[in-house]
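Here's the structure, in C-alpha cells; my notes come after.
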Amino acid sequence: FSKKIAGRKAYRRGKGLEDKIERMAEIYKSNRSNVELISNYDAMQKSKRGAFTVGKSSCDYSIFSTQGCGMIEAKARGGKSIRKDAVSPHQQEQLRRLKAIGCIALVCVQLQCDEPNSPIYLVDIDDWLSGDKKSHNAEDLKSIGKECDKVLGSLPDIWNTISKHYTITL
C-alpha cells in the first residue's frame with residue numbers, strides 16, 4: 001500500500017516539473033524563438049487502479065534549435081536526494097548515444113520540489129552517471145549540474161541555460 005502512495009507522490013512531483021517545462025515550451029513558441037521543445041510520448045496505460053508503464057519510455061523531451069538538438073529527461077523528488085537509476089537504462093542509453101554524436105543529452109532535476117523556490121538543474125548524462133555513489137544530493141547537483149535561470153518566478157529557462165553552459169556541435 002505505501003509503495004502505491006509513494007508512486008503517486010512521485011508521479012505528481014514529476015508532473016509538476018513537467019508542467020513547468022511545458023509552460024516554458026509555450027513561451028518559446030509564443031516568442032517565436034528559434035527553439036522547439038517537444039514533449040515525447042510516454043508509454044503509459046491507464047487502468048482502474050491507476051497508470052502503469054507498458055513499454056520502454058524515451059526521454060521526456062526533444063529539443064531542437066538552429067544551434068543543435070537532443071533530448072532531456074525530467075526528474076523531480078520531494079526529498080534531498082535522487083537515485084541515479086531514476087533515469088532508466090533505456091533512457092541512459094538513449095542519452096549516451098545522442099551525446100556521442102554531439103547532441104544535447106541532459107537530465108533536468110529538481111529536489112525538494114515541494115519547496116516554492118527549489119533550484120532546477122541541468123546535468124549532462126556523463127556527469128549524472130559518473131562516480132561510485134548511487135544517488136545525488138543537492139551538493140552533488142550544484143557541482144555537476146548547471147542551475148537553470150528562471151522566468152516568471154518558477155519556470156526553468158532551459159534553452160538559455162544550455163546556451164550559456166553547454167557546447168553543442170553540429
Side-chain angles (χ1 to χ4, degrees), residues 10-44 53 55-77 82-113 116-131 136 138 140-170:
Y11 173 79
R12 277 195 303 261
R13 288 181 176 124
K15 191 73 179 125
L17 177 59
E18 289 177 10
D19 288 346
K20 289 177 185 178
I21 293 170
E22 288 170 19
R23 287 186 7 230
M24 195 67 227
E26 289 301 318
I27 290 172
Y28 293 145
K29 280 183 192 175
S30 68
N31 289 344
R32 298 179 192 259
S33 67
N34 64 347
V35 178
E36 187 74 23
L37 185 59
I38 300 168
S39 179
N40 293 327
Y41 171 74
D42 214 359
M44 299 289 278
T53 304
K56 295 178 180 177
S57 292
S58 72
C59 294
D60 293 319
Y61 297 95
S62 295
I63 188 164
F64 301 92
S65 169
T66 54
Q67 286 104 13
C69 63
M71 295 185 99
I72 299 169
E73 175 60 19
K75 296 292 176 189
R77 295 294 183 269
I82 183 169
R83 291 179 55 93
K84 290 180 182 181
D85 62 9
V87 178
S88 75
H90 175 72
Q91 293 163 337
Q92 291 175 21
E93 183 58 30
Q94 193 174 39
L95 290 170
R96 283 179 165 160
R97 285 193 317 268
L98 287 168
K99 175 86 187 274
I101 60 172
C103 294
I104 298 162
L106 301 170
V107 179
C108 180
V109 61
Q110 183 180 28
L111 297 180
Q112 295 180 302
C113 59
N117 293 316
S118 62
I120 298 171
Y121 294 95
L122 292 178
V123 182
D124 181 275
I125 189 61
D126 291 338
D127 294 329
W128 179 264
L129 297 171
S130 69
H136 295 300
D140 297 332
L141 294 176
K142 282 181 191 174
S143 67
I144 65 171
K146 305 298 179 192
E147 186 174 346
C148 285
D149 299 327
K150 291 185 181 172
V151 296
L152 301 176
S154 66
L155 303 182
D157 192 346
I158 290 172
W159 184 249
N160 188 47
T161 305
I162 290 170
S163 298
K164 285 195 315 193
H165 299 288
Y166 293 97
T167 303
I168 306 162
T169 57
L170 290 177

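Here, residue 1 is the first one in the sequence, and each next residue gets the next number.
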Smallest separation among heavy atoms of C148 and T161, with atom names: CA-OG1, 3.3 Å
- prompt: If every non-hydrogen atom of P156 is compared with every non-hydrogen atom of M24, which pair is closest and at what distance?
  reply: O-CG, 3.0 Å
statement: Between N40 and C59, the two heavy atoms sitting closest are ND2-O, 2.9 Å
field: Sequence-distant partners of D124, salt bridge (Lys or Arg N to Asp or Glu O under 4.0 Å), two or more places apart
entry: K99
Donor-acceptor pair, side chain of K84 and main chain of S130, under 3.5 angstrom: yes
field: Donor-acceptor contact below 3.5 Å, side chain S65 vs main chain V35
entry: no
- request: Using a 4.5 Å cut-off on heavy atoms from C-beta on, say whether the side chain of E73 contacts that of Q94.
  value: no
query: Is there side-chain contact between I21 and C108, with at least one heavy-atom pair below 4.5 Å?
result: yes
task: Taking all heavy atoms of L17 and all of K75, pick out the closest pair and write down the distance.
output: CD2-O, 3.4 Å
Sub-4.5 Å side-chain heavy-atom contact between V107 and I125: yes
- prompt: Is the backbone N or O of L106 less than 3.5 Å from a side-chain atom of Y166, with the two atoms forming a donor-acceptor pair by type?
  reply: no
message: Looking at D60 and A74, would you say the former's side chain and the latter's main chain have a donor-acceptor pair under 3.5 Å?
response: yes
query: Considering only heavy atoms from C-beta outward, does the side chain of I162 approach that of Q67 to under 4.5 Å?
result: no
message: Could you check whether S118 and Q112, counting side-chain N and O atoms only, form a donor-acceptor pair closer than 3.5 Å?
response: no
- prompt: Are side-chain heavy atoms of H136 and V109 found at a separation under 4.5 Å?
  reply: no
message: With a 4.5 Å cut-off on side-chain heavy atoms, are F64 and I38 touching?
response: yes
query: So, does Y61 use its side chain to make a donor-acceptor pair with the main chain of E18 at under 3.5 Å?
result: yes
query: Hey, are the side chains of W159 and L37 touching, using non-hydrogen atoms and a 4.5 Å cut-off?
result: no
message: Under the criterion side-chain contact (heavy atoms from CB on, under 4.5 Å), I'd like the reasoning laid out for W128 against L141: C-alpha separation, chi angles, the key distance, then a yes or no.
response: CA-CA 9 Å; W128 179 264; L141 294 176; 4.2 Å; yes
- prompt: Considering all heavy atoms of both residues, which atom of Q91 and which atom of A86 are nearest to each other, and what is their separation?
  reply: OE1-O, 4.3 Å
